Undergrad: 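Before I ask anything, here is the structure I am working with.
Given the structure is predicted, the values throughout are model-derived calculations rather than measurements.
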Amino acid sequence: RRGEPVTGVALGTDLAENAPHSDTLLAWAVRPRWGRVDVLSIPRDTRVDIPGYRFRRINEVYAYHHRTQKDALGAAAQTRNAVEQLFRDAGGALPLRNVVQIDYDGFRRLIDRLGGVTVSIDEPMDYDDHAGDFHVHFSTGPRLLNGDDALGFVRFRGRSGDRGRVLRQMEFVRALVRRTASPNIVWRGPLVLVDTIGAVTTNMSLLDMAFLIFEARRWSPRAVHPWILPGKPKGAYWEMDRERALYVLSQLANGGGPLAPAEGGAQVAEQLGGQ
């Protein structure tokens, strides 16, 4: 409300009963004064080295602490700490005050409450996992996704692997912003807030959550600046490129600048994340 930046991490977790993993991990910075949102996607196989722990993938942080503490908020906070440690390893810093965790069921409910989200599918998506009861079958072109479809869209890996999955998630974030800014969504605002409270685990106050949800109605897709943690696959891990990660962090910490991605943000972010 004072126009100060609001930062945090968002975790999308699976439904594993004993040790759910963070299937999606985003660091974000909202600047109400500028109407700007930076979103940094961190691949789930990103390698981390945290003293005193044996795990090496960042998506295992949430699983370990959830299993040992039986506390979703505490596990999400530990994941946030791991992300901040990763940033320090790159030589940068971006304090992340807030944590927001949502599981598959909560995600489905929120998208359905919004009346679905429209995305453009640029490649056929076909996958069946009968053991995990996960099925995706989409043809190319624009498509209105309900909650189940949206979950399949953001989880699908395909030929491009985890990299394509991350870019798809960034596209979904922009589509979600377009949906929340739609005039015909106004009447859903209070219901979205109620559903959000029931679907997420967070340290944010009710007032702050309400402010951000209604603030999102002022955003346009161009206000969303997507980034991918720079790096490359190395064995079973995503190995961060420290030098280029420091550049990305400086953009997030300083609210962008002449080198920040603008209209072609997704493409710029793709270049930063590859090579």
Side-chain angles (χ1 to χ4, degrees), residues 7-28 39-90 92-107 127 129 131-134 151-152 154-158 160-170 173 199-203 227-242 245 248-249 273:
T7 62
V9 295
L11 300 89
T13 60
D14 60 31
L15 294 171
E17 184 174 351
N18 295 322
H21 289 71
S22 54
D23 202 47
T24 298
L25 180 58
L26 308 171
W28 49 269
V39 182
L40 171 65
S41 182
I42 302 170
R44 61 183 180 180
D45 291 333
T46 298
R47 180 183 175 90
V48 292
D49 293 293
I50 304 175
Y53 296 98
R54 297 177 62 182
F55 50 73
R56 291 293 177 266
R57 288 186 182 86
I58 200 161
N59 77 324
E60 296 178 289
V61 177
Y62 183 87
Y64 173 84
H65 289 286
H66 189 281
R67 184 177 66 251
T68 56
Q69 300 176 5
K70 308 300 182 185
D71 176 9
L73 183 58
Q78 292 288 350
T79 304
R80 174 197 58 197
N81 296 344
V83 173
E84 290 183 328
Q85 177 63 55
L86 189 70
F87 292 168
R88 288 192 293 270
D89 289 345
L94 179 64
L96 301 169
R97 176 181 176 184
N98 301 290
V99 295
V100 179
Q101 176 268 335
I102 186 169
D103 64 22
Y104 291 168
D105 285 342
F107 178 83
Y127 180 76
D129 176 3
D133 194 24
F134 175 48
L151 183 61
V154 299
R155 291 185 62 198
F156 181 79
R157 296 182 70 167
S160 51
D162 213 35
R163 179 175 176 72
R165 182 173 175 272
V166 165
L167 290 173
R168 200 171 296 110
Q169 291 170 357
M170 292 294 97
V173 168
V200 306
T201 299
T202 181
N203 64 340
W227 305 85
I228 301 172
L229 183 71
K232 60 183 178 181
K234 187 175 181 180
Y237 302 102
W238 178 264
E239 200 76 36
M240 178 178 64
D241 182 321
R242 285 175 166 76
V248 172
L249 290 174

Undergrad: Counting C-beta onward and ignoring hydrogens, is there a side-chain heavy-atom pair between Thr13 and Gln101 closer than 4.5 Å?
TA: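 Side-chain contact under 4.5 Å: yes.
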Undergrad: Please enumerate all residues that pass salt bridge (charged side-chain N to carboxylate O under 4.0 Å, His left out) together with Arg56, with sequence neighbours excluded.
TA: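 Salt bridge (charged side-chain N to carboxylate O under 4.0 Å, His left out) list for Arg56, sorted by chain: Asp49.
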Undergrad: Which value, rounded to the nearest 0.5 Å, describes the distance between Leu25 atom CG and Ile42 atom CD1?
TA: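 Answer rounded to 0.5 Å: 4.5 Å.
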Undergrad: Give a yes or no on whether the backbone of His21 and the side-chain of Asp14 come within a donor-acceptor separation of less than 3.5 Å.
TA: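 Indeed, once roles are kept as given, a pair shorter than 3.5 Å links the two residues.
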Undergrad: Return the CZ to CE distance between Arg168 and Met170, rounded to the nearest 0.5 Å.
TA: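 If we round to the nearest 0.5 Å, Arg168:CZ and Met170:CE are 12.0 Å apart.
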Undergrad: Answer yes when Asp241 and Lys232 have at least one side-chain N-carboxylate O distance shorter than 4.0 Å, and no when they do not.
TA: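 Lys232 and Asp241: not salt-bridged.
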Undergrad: Is it the case that more than 12 heavy atoms not belonging to Arg97 sit under 6.0 Å from its CZ atom?
TA: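 Open: at most 12 neighbouring heavy atoms sit under 6.0 Å from CZ of Arg97.
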Undergrad: Given 3.5 Å as the limit, does a donor-acceptor pair link the side chain of Arg242 with the main chain of Asp89, or not?
TA: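 The answer is yes, because a donor-acceptor pair under 3.5 Å joins these two groups.
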Undergrad: Walk me through whether Val9 and Val100 qualify under side chain to side chain contact (heavy atoms under 4.5 Å, CB included).
TA: CA-CA 6 Å; Val9 295; Val100 179; over 6 Å; no
Undergrad: Run through Ile50, Leu249, Ile58 and flag the one making a side chain to side chain contact (heavy atoms under 4.5 Å, CB included) with Leu86.
TA: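 Exactly one option meets the side chain to side chain contact (heavy atoms under 4.5 Å, CB included) with Leu86, and it is Ile58.
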Undergrad: When rounded to the nearest 0.5 angstrom, what is the spacing between OG in Ser41 and CG in Leu229?
TA: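 Spacing of OG (Ser41) from CG (Leu229) equals 8.5 Å.
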Undergrad: With side chain to side chain contact (heavy atoms under 4.5 Å, CB included) as the test, pick out the partner of Trp28 among Val173, Leu40, Leu96, Asn98.
TA: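 In the set Val173, Leu40, Leu96, Asn98, the residue that makes a side chain to side chain contact (heavy atoms under 4.5 Å, CB included) with Trp28 is Asn98.
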Undergrad: Could you verify whether a donor N or O on one side chain and an acceptor N or O on the other, from Asn81 and Gln85, lie under 3.5 Å apart?
TA: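 Distance-only check fails for Asn81 and Gln85.
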Undergrad: May I have the step-by-step check of side chain to side chain contact (heavy atoms under 4.5 Å, CB included) for Arg155 and Tyr104, ending in yes or no?
TA: CA-CA 10 Å; Arg155 291 185 62 198; Tyr104 291 168; 3.2 Å; yes
Undergrad: Please give me the minimum heavy-atom distance between Ala90 and Ala245, naming the atom from each residue.
TA: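 Here Ala90 and Ala245 meet closest at CB-CB, 4.1 Å.
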Undergrad: For Thr24, give me all partners under side chain to side chain contact (heavy atoms under 4.5 Å, CB included), at least two apart in sequence or on another chain.
TA: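 Partners of Thr24 under the side chain to side chain contact (heavy atoms under 4.5 Å, CB included) test: Leu26, Arg165, Gln169.
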Undergrad: Looking at Pro95 and Thr7, what are the two nearest heavy atoms and their distance?
TA: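 Looks like O-OG1, 2.8 Å.
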Undergrad: What residues, two or more places apart in sequence or in another chain, satisfy side chain to side chain donor-acceptor pair (under 3.5 Å) together with Gln69?
TA: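 Gln69 satisfies side chain to side chain donor-acceptor pair (under 3.5 Å) with His65 once adjacent residues are dropped.
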Undergrad: Any side-chain heavy atom of Arg57 sitting closer than 4.5 Å to one from Tyr237?
TA: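 In short, these two side chains touch, coming nearer than 4.5 Å.
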Undergrad: Going from CH2 on Trp238 to CG on Asp45, what distance comes out if it is rounded to the nearest 0.5 angstrom?
TA: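 Rounded to the nearest 0.5 Å, the CH2-CG separation comes out at 10.0 Å.
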Undergrad: Any side-chain heavy atom of Val99 sitting closer than 4.5 Å to one from Thr79?
TA: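 A side-chain contact under 4.5 Å is absent here.
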Undergrad: Once salt bridge (charged side-chain N to carboxylate O under 4.0 Å, His left out) is applied, do any residues pair with Asp71, and if so which ones, sequence neighbours excluded?
TA: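 Scan of Asp71 (salt bridge (charged side-chain N to carboxylate O under 4.0 Å, His left out), adjacent residues dropped) gives none.
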Undergrad: Who pairs with Tyr62 by ring pair (Phe, Tyr, Trp, His ring centres under 6.0 Å), at least two apart in sequence or on another chain?
TA: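 Per chain and number, Tyr62 pairs via ring pair (Phe, Tyr, Trp, His ring centres under 6.0 Å) with His66.
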Undergrad: What distance do Glu60 atom CD and Arg54 atom CZ have between them, rounded to the nearest 0.5 Å?
TA: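 Glu60 CD to Arg54 CZ: 11.0 Å, rounded to 0.5 Å.
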Undergrad: Measuring from Leu11:CG to Asp103:CG, what's the distance to the nearest 0.5 Å?
TA: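 Leu11 CG to Asp103 CG: 11.5 Å, rounded to 0.5 Å.
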Undergrad: Which residues satisfy the ring pair (Phe, Tyr, Trp, His ring centres under 6.0 Å) test with Tyr64, sequence neighbours excluded?
TA: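 Tyr64 satisfies ring pair (Phe, Tyr, Trp, His ring centres under 6.0 Å) with Tyr53, Phe55 once adjacent residues are dropped.
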